[in-house]
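Not measured: the values here are computed from a predicted model. First listed ligand is number 1; within each ligand, the first listed atom is number 1. Numbers for residues simply follow the sequence, beginning at 1.
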Amino acid sequence: MRQKIVAGNWKMNKTLEEANILASEITGMVADEVKGDAKVIFCVPFPYLLPIKNQLGNNGRIAIGAQNCSEHEAGAYTGEVSAPMLKSMGIPYVILGHSERRQYFGEDGKLLAKKIDVALKHGLIPIYCCGEPLEVRESNGHEALVKKQVEESLFHLSADVIKTIVIAYEPVWAIGTGKTASAQQAQDMHAVIRKHIAAKYGQSVADAVAILYGGSVNAANAKELFACPDVDGGLVGGASLKSREFTEVIKGA
Ligand code: PGA
């Protein structure tokens with residue numbers, strides 16, 4: 001059985017004070033109310049990684065992650081943050097390839113393969129995002145595109161390594177729009193991704209990979225989405241910024 005994961009992607013939101021309050025509220029609610037053993041990850045803006053990590057202390061339920069890292073290990077790259085820096089701060093997870101990074105910062109599959117490699121080299125666990133824009137879905141190209149996104153950034157990895165990656169399927173048309181994929185649409189795409197991994201690496205490797213769904217996950221739809229056999233939890237944006245709502249999402253896992 002794969003462990004369920006619920007990752008909150010805070011994106012570029014909250015002041016430090018607000019971030020501290022949000023983290024402490026969720027931590028309290030999870031401790032008091034959440035029965036299941038889903039892993040929770042707060043993917044916070046870079047400046048809040050250490051304060052929130054320190055606040056969490058040795059909380060075994062909730063881990064911390066970054067939202068991006070550089071493809072370079074060090075050097076003259078003003079404004080960038082490297083995988084070795086994250087590692088040195090004790091940050092275990094990093095989101096890579098979020099559709100906002102692809103869309104606004106021109107990140108493509110080749111660059112993301114480099115980021116995946118540098119993250120893995122330094123012992124970080126990538127949460128690799130893939131997903132199709134609306135026009136691709138409407139022209140029925142979603143399966144082919146998502147397979148390609150997985151191939152071009154992950155299929156150079158060995159079987160032992162790809163097993164350790166977390167994949168997040170996030171249809172771009174569902175991100176921040178309030179328009180969630182139906183449970184059936186999510187399950188279908190997750191099965192496509194898992195089959196694609198199985199075809200290259202074998203079923204046992206594919207069965208080990210955690211595949212999260214992302215795109216307007218909220219308290220009302222989380223349970224149904226997370227109950228799908230190939231959906232191993234969620235990557236949650238808007239709903240992760242509200243402590244009550246996010247706690248309810250976690251309860252759905
Ligand atoms: P959303 O964002 O939950 O606000 O749609 C998800 C994401 O971008 O990871």
Might you point out which heavy atoms bring [X] and [Y] nearest each other, and give the distance in Å?
{"X": "Tyr169", "Y": "Gly131", "answer": "CE1-CA, 3.9 Å"}
{"X": "Pro51", "Y": "Leu16", "answer": "CG-CD1, 3.9 Å"}
{"X": "Cys130", "Y": "Val150", "answer": "SG-CG2, 4.1 Å"}

Under a 4.0 Å heavy-atom limit, does Ile175 contact ligand 1 with its side chain, its backbone, both, or neither?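 Near ligand 1, Ile175 shows its backbone as well as its side chain.
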
The answer for which part of Ala174 has a heavy atom under 4.0 Å from ligand 1 is backbone

### Task
Give a yes or no on whether a salt bridge exists between Glu33 and Arg244, defined as a side-chain N under 4.0 angstrom from a carboxylate O.
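A salt bridge is present here (some side-chain N lies under 4.0 Å from a carboxylate O).
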
State whether Glu248 and Lys251 are salt-bridged, where the test is any N-O pair (Lys NZ or Arg NE/NH1/NH2 against Asp/Glu carboxylate O) under 4.0 Å. yes

Any idea which atoms of ligand 1 are less than 4.0 Å away from a heavy-atom of [X]?
{"X": "His98", "value": "7 (C), 8 (O), 9 (O)"}
{"X": "Gly238", "value": "1 (P), 3 (O), 4 (O)"}
{"X": "Gly215", "value": "5 (O)"}
{"X": "Lys11", "value": "2 (O), 7 (C), 8 (O)"}

| query | Touching ligand 1 at all, Ser216? Heavy atoms, strictly under 4.0 Å? | reply | yes

Tell me whether ligand 1 is touched by Gly214 - counting only heavy atoms on the residue side and a distance under 4.0 Å.
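No; Gly214 lies far enough from ligand 1 that no heavy-atom distance drops under 4.0 Å.
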
In His190, Arg2, Lys4, Gln3, the residue satisfying side-chain hydrogen bond (donor to acceptor under 3.5 Å, both in side chains) with Asp232 is Arg2

Original post:
Which protein heavy atom lies closest to atom 7 (C) of ligand 1, and at what distance to 0.1 Å?
Top reply: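 Sorting protein heavy atoms by distance from atom 7 (C) of ligand 1 puts Glu170 OE2, 3.2 Å first.
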
Checklist entry - Among protein heavy atoms, which sits nearest to atom 3 (O) of ligand 1, and what does the distance come to when rounded to 0.1 Å? => result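 So the nearest neighbour among protein heavy atoms is Gly237 N, 2.8 Å.
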
Quiz item: Any nitrogen or oxygen of Gly176, main chain or side chain, under 3.5 Å from a nitrogen or oxygen of ligand 1?
Solution: yes

* Would the Phe226 and Tyr213 ring centres measure less than 6.0 Å apart? -> no

Checklist entry - If you group Ile, Leu, Val, Met, Phe, Trp and Tyr by side-chain heavy-atom gaps below 4.5 Å, do Ile197 and Leu112 land in one group? => result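 Ile197 clusters together with Leu112.
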
